[in-house]
**Q** 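Structure below; questions to follow.
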Amino acid sequence: MTKFRKLGRPTGHRMSMLRTMVSQLVKHERIETTVAKAKEVRRLADNMVQLGKEGSVCAARRAASFVRGDDVVHKLFTELAYRYKDRAGGYTRLLRTRIRVGDAAPMAYIEFIDRDNELRQSKPPTPQPPQRAALDPWTRSRLTRQFAPPKVEKSDSDL
């Protein structure tokens with residue numbers, strides 16, 4: 001069973017709040033909220049982008065049952081799906097900003113990456129390391145040749 005934050009709310013209130021926050025994140029591409037809520041929204045928003053990239057009718061119905069608004073569903077399946085077609089995951093970024101004055105709650109921005117007006121630029125994709133040749137297990141390594149003393153054959157006269 002997956003773990004999730006309860007955020008001090010009953011299930012219906014929590015799910016309604018998270019659905020609204022995911023919809024607003026897709027619509028505006030950046031929102032400010034508390035760190036705990038942002039971490040939960042990040043999970044759900046990444047799932048919605050995955051559905052948008054899938055592009056099937058089933059995925060569209062699943063996304064429409066979660067997010068609020070037809071314009072949000074349309075944006076998920078057109079703009080965001082095209083933007084992240086080559087990215088395997090990690091579509092959102094969480095940036096801690098300040099401590100809220102009223103209750104000292106840590107606040108954070110959550111935003112989609114690879115967009116205009118980012119708060120912090122995305123890191124370029126890391127290049128894949130070159131493929132190394134498979135090691136033959138029967139050949140001796142350079143280290144064993146370097147540190148092991150050479151074998152000395154025993155003759156019959158030594159016995």
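These values consider heavy atoms only, across backbone and side chains, with no hydrogens, waters or symmetry-generated copies. Predicted, not measured: the structure shown is a model, and the values here were computed from it.
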**Q** For Asp103, does the CG atom have more than 12 heavy-atom neighbours from other residues, nucleotides or ligands under 6.0 Å away?
**A** yes
**Q** Taking side chain as C-beta onward, heavy atoms only, is Gln50 less than 4.5 Å from Tyr84?
**A** no
**Q** Measure the shortest side-chain to side-chain distance between Met107 and Thr34 over non-hydrogen atoms and say whether it is less than 4.5 angstrom.
**A** yes
**Q** Calculate, to the nearest 0.5 Å, the distance between atoms CG and NE2 belonging to Leu18 and His13 respectively.
**A** 9.5 Å
**Q** Do Glu32 and Arg100 come within less than 4.5 Å of each other through their side chains, counting heavy atoms only?
**A** no
**Q** Which residue is it: Ile110, Val41, Leu44? I am looking for the one with a side chain to side chain contact (heavy atoms under 4.5 Å, CB included) to Thr92.
**A** Ile110
**Q** Say whether, by atom type as modelled, one donor and one acceptor occur between the side chain of Lys53 and the main chain of Arg87 under 3.5 angstrom.
**A** yes
**Q** Compute whether any side-chain donor of one residue and acceptor of the other, for Arg68 and Ser16, lie under 3.5 angstrom apart.
**A** yes
**Q** Rounded to the nearest 0.5 Å, what separates atom OH in Tyr91 from atom CG in Asp46?
**A** 7.0 Å
**Q** Give me the one residue out of Ile31, Leu80, Val73 that meets side chain to side chain contact (heavy atoms under 4.5 Å, CB included) with Val26.
**A** Leu80
**Q** Is any side-chain heavy atom of Met48 less than 4.5 Å from a side-chain heavy atom of Val72?
**A** no
**Q** Give me the atom names and distance for the closest heavy-atom approach of Phe77 to Ala63.
**A** CE1-CB, 3.7 Å
**Q** Please check if Leu25 and Phe4 belong to a single hydrophobic cluster, counting links between Ile, Leu, Val, Met, Phe, Trp and Tyr side chain heavy atoms closer than 4.5 Å.
**A** no
**Q** Are more than 12 heavy atoms, taken from residues, nucleotides or ligands other than Arg98, located less than 6.0 Å from that residue's CZ atom?
**A** yes
**Q** Do other residues, nucleotides or ligands put more than 12 heavy atoms under 6.0 Å from Lys85 NZ?
**A** yes
**Q** For Ala59 and Leu51, which heavy atoms make the closest approach, and how far apart are they?
**A** CB-O, 3.5 Å
**Q** For Arg9, does the CZ atom sit with more than 12 other heavy atoms under 6.0 Å from it, leaving out its own atoms?
**A** yes
**Q** Rounded to the nearest 0.5 Å, how far does CZ of Arg93 lie from CZ of Arg42?
**A** 12.0 Å
**Q** Are Ile113 and Met21 connected in the hydrophobic side-chain network, where two residues link if heavy atoms are under 4.5 Å apart?
**A** yes
**Q** Any idea which heavy atoms bring Ala81 and Gly52 closest together, and the distance?
**A** CB-O, 3.3 Å
**Q** Quick one: closest heavy-atom pair of Arg19 and Phe66, and the distance?
**A** NE-O, 2.7 Å
**Q** Taking side chain as C-beta onward, heavy atoms only, is Val49 less than 4.5 Å from Phe112?
**A** yes
**Q** Do Met15 and Met17 share a hydrophobic cluster (ILVMFWY, side-chain heavy atoms under 4.5 Å, transitive)?
**A** yes
**Q** Would you sort out whether Lys37 and Glu40 count as a salt bridge (charged side-chain N to carboxylate O under 4.0 Å, His left out), showing the intermediate values?
**A** CA-CA 5 Å; Lys37 288 179 195 170; Glu40 282 301 304; over 6 Å; no
**Q** State which residues pass salt bridge (charged side-chain N to carboxylate O under 4.0 Å, His left out) with Lys75; sequence neighbours excluded, sorted by chain then number.
**A** Glu29
